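The structure under discussion appears below in the form of structure tokens.
Given the structure is predicted, the values throughout are model-derived calculations rather than measurements. Letters go in sequence order (proteins before strands), and every chain restarts at 1.
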Amino acid sequence: MSTQKSVTVIVPIKPSKVDDLRKHLLRLRNDTRSANGTQPDATSLKAIEAFQQLADTVHYFRWTILDESSVNGDLTPPQLVFTSNFDESPDSLLLRLIADLYEPLVAIYDYCIDFPQRASSSSDETVNTDLHVHKIFDYLKQNAVKSAAYYIGSPGRTVVDIKQQEGLRDFLRKHLNSHDFKGRSAREVHQSLRNAAQSATGEDKQPLFPWLKKTSMPTRKWPYIVIPLLPILIGPAIILAVAMLMWAIWLQLFHERRDRPITLMRSQLDEAHMATLETYEDYYFQNQFSQVLAVKPGWMRLVTLKFLLFVTNFLSRIHFVKGKLMGIPTIHFAKWIFIDDNKRVFFSSNFDGSWQQYLCDFIDKCGKGLSAVFSNTQLFPKTWMLIFEGAYDEEHFLAWSRLTEIDTQVWYSAYPNLSIKNINNNGHIYAELMRDLDENKAKAFLKRF
Amino acid sequence: MIPDNDITVELDDVQGYLLYAYKNMKASRMLLLNFPSSREYAYGWLKTVYPQLTSAGLENRGIHRCLNIAFTPWGLKSLGLSDDNMKNFNREFREGIFTPHRQRLLGDEDESAPGKWRWGSPETNDKDPMESERVGHALLMVFGETEEILNGYLAELNRNLVQFELKEVAVLDGYSLPHNREHFGFRDGISQPVIAGSGRPGDPSNTIATGEFILGYKNEYGVYPETPIITTPQGNMNLLPADAAGSGCKDLGRNGTFLVYRQLEQHVDRFWKFIDEKSILDKGTDEERRNRLAAKMMGRWPSGASLIEYPDNDPGNSYSEKVMLDDKISYAGDPDGLKCPYGSHVRRANPRDHFEDNTPERSIQLTKKHRIVRRARPYVIENPEEHGLHFMCFNADISRQFEFIQYTWCNYPNDGQLCSDPDPIIGVKHEDKDRVFTIPGEPVGTQIEGLERFVTVKGAGYFFFPSLTAVRYLATVGDDGYCSK
């Protein structure tokens with residue numbers, strides 16, 4: 001089973017063009033948000049239509065401008081981040097992006113440094129376009145960066161799966177609502193549902209759910225090979241734990257105490273910044289989060305951060321595979337990327353519900369893990385021994401989150417009103433529908449509706 | 001055996017309505033007022049008010065009338081609180097309940113849109129609230145044990161209102177209905193959090209850190225909530241206490257909190273007509289089947305009895321007193337919502353010991369961070385007839401408490417395992433025709449389709465509900481900052 005892929009492309013923006021690019025992207029955003037009600041112009045309308053064509057494989061994408069800023073005295077140039085989660089190979093996604101979104105893409109990247117210009121070497125315009133497409137592909141490829149950690153809320157489930165399974169759940173629920181099952185056993189109801197789904201046809205007399213087949217939940221487990229190895233691993237594990245403890249003590253004594261944490265409260269944050277962030281929140285039942293963090297100076301901080309993100313990434317492949325990232329049950333995708341020669345980290349996520357709910361979950365469900373990772377970045381509330389205090393300093397933590405959050409100009413979600421819990425539940429409904437269940441399992445199955 | 005709850009709060013400085021529902025006050029009137037253009041008059045009026053304010057102090061037990069006051073940010077600005085100091089208030093309060101973002105969160109759209117409110121929002125979206133006649137400056141909350149007592153008190157207060165030229169923006173009368181029932185017919189105000197340090201005994205699972213409700217004390221995270229400190233000295237700084245969080249500044253917020261006020265019209269006929277139509281095929285007498293469905297949606301029987309204890313029938317009013325005294329409902333024993341649907345209003349607004357897939361202990365720990373002290377009073381307006389509820393609640397962090405409950409737990413249709421179920425009582429939007437209410441059952445639950453909205457917001461506001469000291473201080477903010485050492 002293949003898993004959802006991710007690509008991130010970061011390119012420098014022409015410094016004099018940052019504001020123009022922002023305005024251009026904002027026009028696109030206005031149209032990706034139906035609720036916003038502004039009339040799209042012709043170009044953006046075209047772009048929106050083009051976005052829709054990607055819809056069968058693309059879960060999310062965003063364009064985010066990183067403004068010029070100073071990190072430890074060095075100036076970092078303005079940059080444009082494109083990041084996406086999808087179901088095909090990155091090369092094929094990029095090619096399709098360029099082909100389907102050719103004009104909107106050129107319009108965006110014209111504001112960026114070293115974007116290849118369209119040649120007019122041939123009199124045949126399609127040849128020119130082809131040439132340009134290849135150059136753009138190389139350009140995007142060259143500027144693609146790897147994620148340090150990548151989390152997937154529903155591993156292996158494609159956009160098509162998600163939409164099909166939502167349709168299936170809807171259909172089954174309507175079947176339940178329109179039939180009287182009083183006095184029937186759960187197994188009988190289960191059977192009735194399966195028969196209904198298998199024999200359902202649309203107006204064109206074709207089966208509604210031709211893709212129904214026996215399936216298993218797409219999950220990954222600890223490789224079984226690890227189990228006999230566990231006793232052998234105890235020794236090294238103890239050594240590792242002691243080493244990590246010493247490491248944390250060292251960081252506490254010689255770094256953390258001297259670092260400058262945030263002292264602001266939420267009310268003291270910049271009004272315009274907050275207004276920008278909130279203007280585009282909560283149109284759907286999902287939201288996005290983009291954050292740029294400067295890594296604290298010194299190699300120890302960088303090593304700690306790299307190690308912890310490596311562990312996060314590793315656990316995201318084998319352990320955080322059932323819709324929870326460190327206990328947080330609302331994240332669809334999240335990734336951490338080192339940028340600017342490891343001087344900064346770009347964090348992005350797509351989540352259910354409001355910012356307040358998301359941040360409460362952060363503190364309540366994984367405050368320690370979070371503090372361990374983020375305390376290696378500047379301004380994070382003071383931690384003790386890497387994992388204590390930090391995020392639990394609620395007011396300053398919330399202010400830190402908003403302070404370091406940046407505006408995302410364009411954001412797209414393929415299913416903005418489905419929660420990750422819904423998606424995983426729908427997956428279970430499908431898998432269990434096609435399986436033969438005993439009475440107890442059938443009862444549990446029916447509770448999913 | 002209910003554990004003691006030692007008094008650590010400065011009760012004499014806290015306005016009484018935060019700690020007491022004034023249940024014996026059968027009549028009440030909330031006056032939304034605009035200050036006169038002359039600040040001296042406004043200070044003069046405040047000076048007549050603060051000596052009369054009812055504190056939560058024990059000496060106030062058994063009194064026959066009460067007076068409390070709350071302020072909008074525009075009221076504080078009118079009084080002359082400087083921009084620097086205003087900025088130390090949380091953004092929710094400062095911006096107001098009517099901003100487009102909050103409108104999305106709270107679901108105040110269509111008929112409930114701020115543009116259509118009678119009070120609390122500017123006349124048009126782009127109007128500066130400072131220029132508005134409708135947002136109000138101060139909310140004077142007057143209570144009387146009887147109608148006569150209230151009217152007598154109002155007449156007294158009115159002399160000062162006239163003398164100092166305050167203008168009435170809205171007059172909001174409230175009553176207590178028999179058995180504390182709101183207009184849909186349900187007993188209201190049953191479960192309330194117990195504030196740690198208030199002296200009221202309470203079960204530990206329901207005793208919440210002081211700082212969740214009163215500024216200047218630690219909250220459930222063990223830290224001090226954001227509080228409006230005075231960073232640019234003005235007025236009589238001697239009056240104010242120091243910021244407990246240690247900023248070195250004086251704290252205007254200590255012993256105060258924030259009041260959320262929503263005037264909700266209840267469409268009682270529409271509600272029961274809907275219930276009647278949707279339960280028509282159920283068994284039992286008309287009253288039984290209607291009450292059963294309505295109770296499933298509300299999460300309690302009309303008498304207030306819990307669906308957990310009484311899954312089949314309403315034990316009636318005889319049960320009410322027991323309910324008031326002993327509100328120990330556990331949802332952990334009903335994880336599938338077979339007795340009390342997890343989509344019901346009361347259960348989702350406070351999931352207690354069954355929150356997501358957490359253990360009961362952990363659930364309580366988590367849900368304690370999203371509690372409010374509710375204060376509701378029903379109202380009736382004649383000509384044209386309108387029934388409704390003055391919903392009020394107190395919280396220290398509007399975003400994490402009131403707004404979180406309203407959005408994440410009530411309006412959000414994907415709450416928990418649900419897919420398209422908003423809160424059937426307060427969370428349905430007018431255009432939500434495909435929204436449903438799920439009643440779990442065995443082998444299969446039922447779904448009530450085509451939910452309707454039964455409440456309309458008629459006015460709303462976020463208010464600062466200050467300590468007595470802070471009210472006294474506010475009458476001095478026109479003076480230059482002074483502080484004798």
Contacting moiety of [X], where chain B heavy atoms sit under 4.5 Å:
X	value
A:L418	backbone
A:F181	both
A:R184	backbone
A:K174	neither
A:N417	backbone

Please classify the contact of [X] with chain A as side chain, backbone, both or neither, using a heavy-atom distance under 4.5 Å.
X	value
B:T446	backbone
B:N90	backbone
B:F89	backbone

Where do B:K368 and A:D364 land on the salt bridge (Lys or Arg N to Asp or Glu O under 4.0 Å) test, with the steps shown first?
CA-CA 11 Å; B:K368 273 185 172 184; A:D364 293 337; over 6 Å; no
Between A:K421 and B:E356, does at least one N-O distance fall below 4.0 Å, as a salt bridge requires?
yes
Using a strict cut-off of less than 4.0 Å between a Lys/Arg side-chain nitrogen and an Asp/Glu carboxylate oxygen, indicate whether A:R266 and B:D397 qualify as a salt bridge.
yes
Side chains of B:Y412 and A:D282: any donor to acceptor distance under 3.5 Å?
no
Check the pair A:E394 / B:R400 against salt bridge (Lys or Arg N to Asp or Glu O under 4.0 Å), numbers first and verdict last.
CA-CA 11 Å; A:E394 183 216 3; B:R400 176 162 58 78; 2.7 Å; yes
